[in-house]
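Notes follow once the structure below has been shown.
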Amino acid sequence: MDQDRITELINKSEITSIVNSYFRALDEKNFAAQHFASIFTPQAKVTRPNGASLIGPEEISASHEKSFTRFEGSQHFVAGHDISLDGRTANVRANLIAMHMWQGSTTDANKLDNFFIAGGVIHATLMQSDGEWKISQMSNAVLWRAGGFRDMMQTGTVPKEAQSFDVSQSHEPAARQSFGI
């Protein structure tokens, strides 16, 4: 195997690790701004499924910390990292399935009202600086959701159509995109 191919494989492995470390931080509720600074560039942009954007590791970590207080726990499965490299820039497309247990549910996933699950596609751009890859932008396009929808907006209430949103009944983009996760 030639050196260029080895370098490419190492870069792809490091990129996958950084993307996974972001979702691990969410699941472990590790919202320390310093930790997020090791994952994101200083001007990184995270765009939530509802279109709201967060800029910089401090804002991203603070917003996630506030948002995730609603959840007793979460688990994010990221798979199928499709990575294209262009010098010190990488573009990633990956599949995401995320489950969130509402506070007070005592992690009982046998009751629909205790959790919601969502599937979608992550798009991210990473930049390499000083030999380290960091996320410069990330967005999550939610394709489906199921489960119990309590107060889905970080602040505010769920639109009436979203309160009973069931993927078997509706595939309306407005219903999918109205959530604040």
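Note that the coordinates shown come from a computational prediction; the quantities given were computed from them, not determined experimentally. Just so it is clear, the values below take in all heavy atoms, side chains as well, and ignore hydrogens, waters and symmetry mates.
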Practice task
Return yes if a side-chain donor-acceptor contact under 3.5 Å exists between Tyr22 and His64, otherwise no.
Solution key: yes

Exercise for the section: Using side chain to side chain contact (heavy atoms under 4.5 Å, CB included) as the criterion, list what pairs up with Gln128, not counting sequence neighbours. Expected result: Asn11, Arg88, Trp133

Problem - Identified side chain to side chain contact (heavy atoms under 4.5 Å, CB included) partner of Ile15 from the options Asn91, Ile135, Leu85 - result: Leu85

Problem - Any donor-acceptor N/O pair, Glu72 side chain to Met101 backbone, under 3.5 Å - result: no

Fill in the blank from the handout: side chain to side chain contact (heavy atoms under 4.5 Å, CB included) filter on Glu65, not counting sequence neighbours, yields Phe31

Practice task
Determine whether the side chains of His81 and Asn20 contain a donor N or O and an acceptor N or O closer than 3.5 Å.
Solution key: yes

Exercise for the section: Determine, using ring centers only, whether Phe115 and Trp102 are less than 6.0 Å apart. Expected result: no

Problem - Contact check, side chains of His100 and His76, non-hydrogen atoms, under 4.5 Å - result: yes

Handout entry: Steps toward side chain to side chain donor-acceptor pair (under 3.5 Å) verdict (Ser84, Arg93)
Key = CA-CA 9 Å; Ser84 62; Arg93 181 218 181 268; over 6 Å; no

Handout entry: Rounded distance [0.5 Å steps], OG1 in Thr69 versus CD in Gln103
Key = 7.5 Å

Handout entry: Note, Ser67 side chain near Arg48 side chain (heavy atom, < 4.5 Å)
Key = yes

Practice task
Please examine the side chains of Asn140 and Leu96, heavy atoms only from C-beta on, and report whether any two atoms are closer than 4.5 Å.
Solution key: yes

Practice task
State the CZ-NE2 distance between Phe40 and His35, to the nearest 0.5 angstrom.
Solution key: 9.0 Å

Handout entry: Side chain to side chain, Phe116 and Arg145, heavy atoms closer than 4.5 Å
Key = yes

Problem - Flag side-chain contact, heavy atom, 4.5 Å: Glu14 against Ile18 - result: no

Practice task
Flag the pair Val78 / Asn95 as yes when at least one side-chain heavy-atom distance between them is below 4.5 Å, and no otherwise.
Solution key: no

Problem - Greater than 12 external heavy atoms within 6.0 Å of Lys29's NZ - result: yes

Exercise for the section: Give the cluster check for Met138 versus Met127: same hydrophobic cluster or not, with ILVMFWY residues linked at side-chain heavy-atom distances below 4.5 Å. Expected result: no

Handout entry: Thr47 versus Ser53, side-chain donor and acceptor atoms under 3.5 Å
Key = yes

Problem - CG-CD distance between Leu126 and Glu132, expressed to the nearest 0.5 angstrom - result: 12.0 Å

Exercise for the section: Please round to the nearest 0.5 Å and tell me the distance separating atom CZ of Phe23 and atom CD1 of Ile122. Expected result: 3.5 Å

Practice task
Determine yes or no for a side-chain-to-main-chain donor-acceptor pair under 3.5 angstrom, with Ser17 supplying the side chain and Ser13 the backbone.
Solution key: no

Practice task
Determine whether more than 12 heavy atoms belonging to other residues, nucleotides or ligands lie under 6.0 Å from atom CG of Asp86.
Solution key: no

Handout entry: Validation row: Val92, Asp82 side chains within 4.5 angstrom (heavy atoms)
Key = no

Exercise for the section: Please answer whether the main-chain N or O of Lys12 pairs with a side-chain N or O of Thr16 as donor and acceptor at a distance below 3.5 Å. Expected result: yes

Completion exercise
Value for CG (Asn30) from CZ (Arg24), rounded to nearest 0.5 Å, stands at 9.0 Å

Practice task
For residues Leu26 and Ser74, report the shortest heavy-atom separation together with the two atoms involved.
Solution key: O-OG, 3.8 Å

Exercise for the section: Measure the CD-CD1 distance between Gln137 and Ile55 for me, rounded to the nearest 0.5 Å. Expected result: 10.0 Å

Handout entry: Side-chain (Ser61) to main-chain (Pro57) donor-acceptor, under 3.5 angstrom
Key = yes

